[in-house]
Amino acid sequence: MKTKTSRQTTPQPSAARPFTYKDRTLHCDQVSLTSLAETHGTPLYVYSATQISERFQLFEQAFQDRPHTVCYAVKANSSLAILRLLGRQGAGFDIVSGGELERVRRAHKPALKKVVFSGVGKQAWEIDDALEANILQFNVESEQELDLLAQRAQALNRRARFALRVNPDVFAETHPYISTGLSEHKFGIDIKAARGLYRRAARSKWLEPYGVSVHIGSQIRKVAPFAAALARVTSLVSELCRDGHSIRAIDAGGGLGIDYSDAPFDAAHQVQLYAAALNKGLVGEQARLLLEPGRFLVAQAGALLTRVLVVKKNGSKTFVITDAAMNDLIRPALYHAHHEIVPVRQPIGKAAQITADIVGPVCESGDFFARDRAIAQVKPGDLVALLDAGAYGMTQSSNYNSRPRPAEILVEGDQATLIRRRETMRDLLAPEIL
Ligand SMILES: *Cc1c(COP(=O)(O)O)cnc(C)c1O
């Protein structure tokens, strides 16, 4: 099996991150973060297009021996420019709202036919919109939703291809907020009830039993739970085929994790292990495999660039206060997630280190990026980068404390493109009525 396509634009194709020091300055690909901060201000999200494409191609290669579609999970990073980048390479998309459907339509219309629609609370207008766009598959999460789907399909005189998202009752060993595959979670339909629902649905002329889907959680670092979940799905698919349904797609969901620490990380190897685990669970299956990776494709391609405003001491503690805050990147506050934080100006030799809390200006004690972290000594005005911020960073940002959201830059080789301008005061107040 081929392990990697070599792309001329990539300096170090196997590096876990596209952020490296050149001339003592942190770069994204060939672009200096100092110059980006000068031109576009901070806080600033910076992504490497090269790495996103490479990660996508790792999936394409690892699954090349079976019919498959990589449906990138839009909620990880829903920037139109990134959706277009992936859409043009043949990606489909996993969406969870009518808003995400609109993004796919704007970014790369031909990809609408490769959209799968997930989510536990789809509304009639969202279903209508997706039926009219003729998306590939609705991932249905309740009996009630199945009824609503039939009703909307009838109203629009269209047949809806659906998969039941089954809950395999598999423990994913991840953070409780991002684990979804246990029967105690709100997601999916009890796998034991699925067969009866397919039988019932098949009687409706508006519903086409098309696939079976599963998604057990996010940031999953071991591949065994994926294999276990898929084995359960495959045995359900055999039963469904015996029941006379023609199941055309098996949707394995997303959830493959990355390493947020500074330990070495071999992305290509991870995808191979993942593919081997899925293939083990899929022995003998002919159906098209749908994959919904989000984080794995975009997390390590991105960093949040921020400037130090204040370094202050309170008693024995040191606080580094940056111009980015929890409203820009909420993962540390929400999941106690770890992000590596590095200075943009590379320290020489064994430069002085400090142990500090790195925090934002928002009026919440939960507004922190790191606690008691050893980092290179920094002073007001210095730039630092929060790494691995490409997934669930900008998409979970808010205007809390009336803070305009950051701008976003997409880098390709030595080219930097502004893909979202910084929000203005006018943007901030635009929807309000006085
Ligand atoms: C969030 C989500 C994904 C993507 O998860 P990652 O951990 O980012 O890969 C895929 N499918 C569904 C249904 C999701 O909810």
Asker: Go through the structure and list residues passing salt bridge (charged side-chain N to carboxylate O under 4.0 Å, His left out) with Lys222, not counting sequence neighbours.
Answerer: Glu173
Asker: Of all the heavy-atom pairs spanning Leu80 and Ala107, show the shortest one and how long it is.
Answerer: O-CB, 3.6 Å
Asker: Sort out for me which residue in Asp262, Asp29, Asp388 forms a salt bridge (Lys or Arg N to Asp or Glu O under 4.0 Å) with Arg17.
Answerer: Asp388
Asker: Mark yes or no for whether Ser238, through its side chain, and Thr234, through its backbone, hold a donor-acceptor pair below 3.5 Å.
Answerer: yes
Asker: Under 3.5 Å, is there a donor on one side chain and an acceptor on the other for His338 and Arg373?
Answerer: yes
Asker: Got a donor-acceptor contact below 3.5 angstrom from the His68 side chain to the Phe63 backbone?
Answerer: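 Judged by distance alone, yes, a pair lies under 3.5 Å.
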Asker: Applying side-chain hydrogen bond (donor to acceptor under 3.5 Å, both in side chains), can you list everything that pairs with Lys280, at least two apart in sequence or on another chain?
Answerer: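 Expected list: none.
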Asker: Which pair of non-hydrogen atoms, one from Leu329 and one from Leu386, has the smallest distance, and what is that distance?
Answerer: CD2-CD2, 4.0 Å
Asker: Tell me whether the guanidinium CZ or amine NZ of Arg55 lies under 6.0 angstrom from the six-membered ring centre of Phe296 and within 45° of its axis.
Answerer: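 The answer is yes, since Arg55 meets both limits relative to Phe296.
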Asker: Can you check side-chain hydrogen bond (donor to acceptor under 3.5 Å, both in side chains) on Gln219 and Tyr335, steps first, answer last?
Answerer: CA-CA 11 Å; Gln219 183 52 13; Tyr335 315 114; over 6 Å; no
Asker: So, using side-chain hydrogen bond (donor to acceptor under 3.5 Å, both in side chains) as the criterion, who are the partners of Asp128 when residues are at least two apart?
Answerer: Arg152
Asker: Considering residues at least two apart in sequence or located in another chain, which fulfil the salt bridge (charged side-chain N to carboxylate O under 4.0 Å, His left out) criterion with Arg195?
Answerer: Glu239, Asp243
Asker: Give the intermediate values and the outcome of salt bridge (Lys or Arg N to Asp or Glu O under 4.0 Å) for residues Arg105 and Glu102.
Answerer: CA-CA 5 Å; Arg105 184 181 287 125; Glu102 188 59 25; 2.5 Å; yes
Asker: Tabulate below the donor-acceptor pairs under 3.5 Å that side-chain atoms of residues 426-434 make, not counting sequence neighbours, or state none.
Answerer:
| residue | atom | partner | partner atom | Å |
| --- | --- | --- | --- | --- |
| Asp427 | OD1 | Arg421 | NH2 | 3.2 |
| Asp427 | OD2 | Arg421 | NH1 | 2.5 |
| Asp427 | OD2 | Arg421 | NH2 | 3.4 |
| Asp427 | OD2 | Thr424 | N | 2.9 |
| Asp427 | OD2 | Thr424 | OG1 | 3.2 |

Asker: Could you pull out all residues at least two apart from Glu423 that satisfy side-chain hydrogen bond (donor to acceptor under 3.5 Å, both in side chains)?
Answerer: Asn399, Arg405, Arg420
Asker: Where do Ile250 and Leu230 land on the side chain to side chain contact (heavy atoms under 4.5 Å, CB included) test, with the steps shown first?
Answerer: CA-CA 9 Å; Ile250 295 181; Leu230 221 53; 4.2 Å; yes
Asker: Specify whether Tyr260 and His339 have parallel, tilted or perpendicular ring planes, treating 30° as the upper limit for parallel and 60° as the lower limit for perpendicular.
Answerer: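 Rings of Tyr260 and His339: perpendicular, over 60°.
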Asker: What side-chain donor-acceptor pairs closer than 3.5 Å can you find for residues 200-211, not counting sequence neighbours?
Answerer:
| residue | atom | partner | partner atom | Å |
| --- | --- | --- | --- | --- |
| Arg200 | NH1 | Glu143 | OE2 | 2.3 |
| Arg200 | NH2 | Asp147 | OD1 | 2.4 |
| Ser204 | OG | Trp206 | N | 3.0 |

Asker: Suppose we screen for side-chain hydrogen bond (donor to acceptor under 3.5 Å, both in side chains). Which residues come up paired with Glu285, at least two apart in sequence or across chains?
Answerer: none
Asker: When you check the side-chain N and O atoms of Asn134 and Arg158, is any donor under 3.5 Å from an acceptor?
Answerer: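 Side-chain D/A pair, Asn134 to Arg158: absent.
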Asker: Asp251: which residues meet the salt bridge (charged side-chain N to carboxylate O under 4.0 Å, His left out) condition with it, sequence neighbours left out?
Answerer: none
Asker: Tell me which pairs pass salt bridge (Lys or Arg N to Asp or Glu O under 4.0 Å) where either residue lies in residues 114-126, with sequence neighbours left out.
Answerer: Lys122-Glu145
Asker: Work out which heavy atom in Ile189 is nearest to a heavy atom in Leu164; give both atom names and the distance.
Answerer: CD1-CD2, 3.8 Å
Asker: Do Gln30 and Gln415 get their side chains close enough for a donor-acceptor pair, meaning under 3.5 Å?
Answerer: no
Asker: Would you say the side-chain atoms of Arg288 pair up with the backbone N or O of Ala249, donor to acceptor, closer than 3.5 Å?
Answerer: no
Asker: Does a side chain donor of either Gln137 or Asn139 reach within less than 3.5 Å of an acceptor in the other side chain?
Answerer: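 On atom types as modelled, these side chains qualify, holding a pair under 3.5 Å.
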Asker: Sub-3.5 Å donor-acceptor pair from the side chain of Asp129 to the main-chain atoms of Trp125, do we have one?
Answerer: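 Checking the backbone N and O of Trp125 against the side chain of Asp129, no donor-acceptor pair under 3.5 Å is found.
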Asker: Which residues pass the salt bridge (charged side-chain N to carboxylate O under 4.0 Å, His left out) test with Asp323, sequence neighbours left out?
Answerer: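 Asp323 satisfies salt bridge (charged side-chain N to carboxylate O under 4.0 Å, His left out) with no residue once adjacent residues are dropped.
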Asker: Is the ring pair His336/Phe368 parallel, tilted or perpendicular, if the boundaries are 30 and 60 degrees?
Answerer: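 It falls in the tilted class, 30° to 60°.
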Asker: Between Asn77 and Ser79, does any side-chain donor sit less than 3.5 Å from a side-chain acceptor?
Answerer: no
Asker: Parallel, tilted or perpendicular: which fits the ring planes of Phe59 and Tyr274, with parallel below 30° and perpendicular above 60°?
Answerer: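 Rings of Phe59 and Tyr274: perpendicular, as their planes differ by over 60°.
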Asker: Let's go through Asp328 and Arg403 carefully: what are the C-alpha distance in whole Å and the side-chain angles of both, what is the deciding distance for salt bridge (Lys or Arg N to Asp or Glu O under 4.0 Å) to 0.1 Å, and is it a yes or a no?
Answerer: CA-CA 9 Å; Asp328 304 305; Arg403 289 165 52 87; 2.9 Å; yes
Asker: So, the side chain of Thr42 versus the backbone of Leu44: is there a donor-acceptor pair under 3.5 Å, distance only?
Answerer: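 Between the backbone of Leu44 and the side chain of Thr42 there is no qualifying donor-acceptor contact (under 3.5 Å).
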Asker: Who pairs with Phe162 by ring-ring contact (aromatic ring centres under 6.0 Å, His included), at least two apart in sequence or on another chain?
Answerer: Tyr198
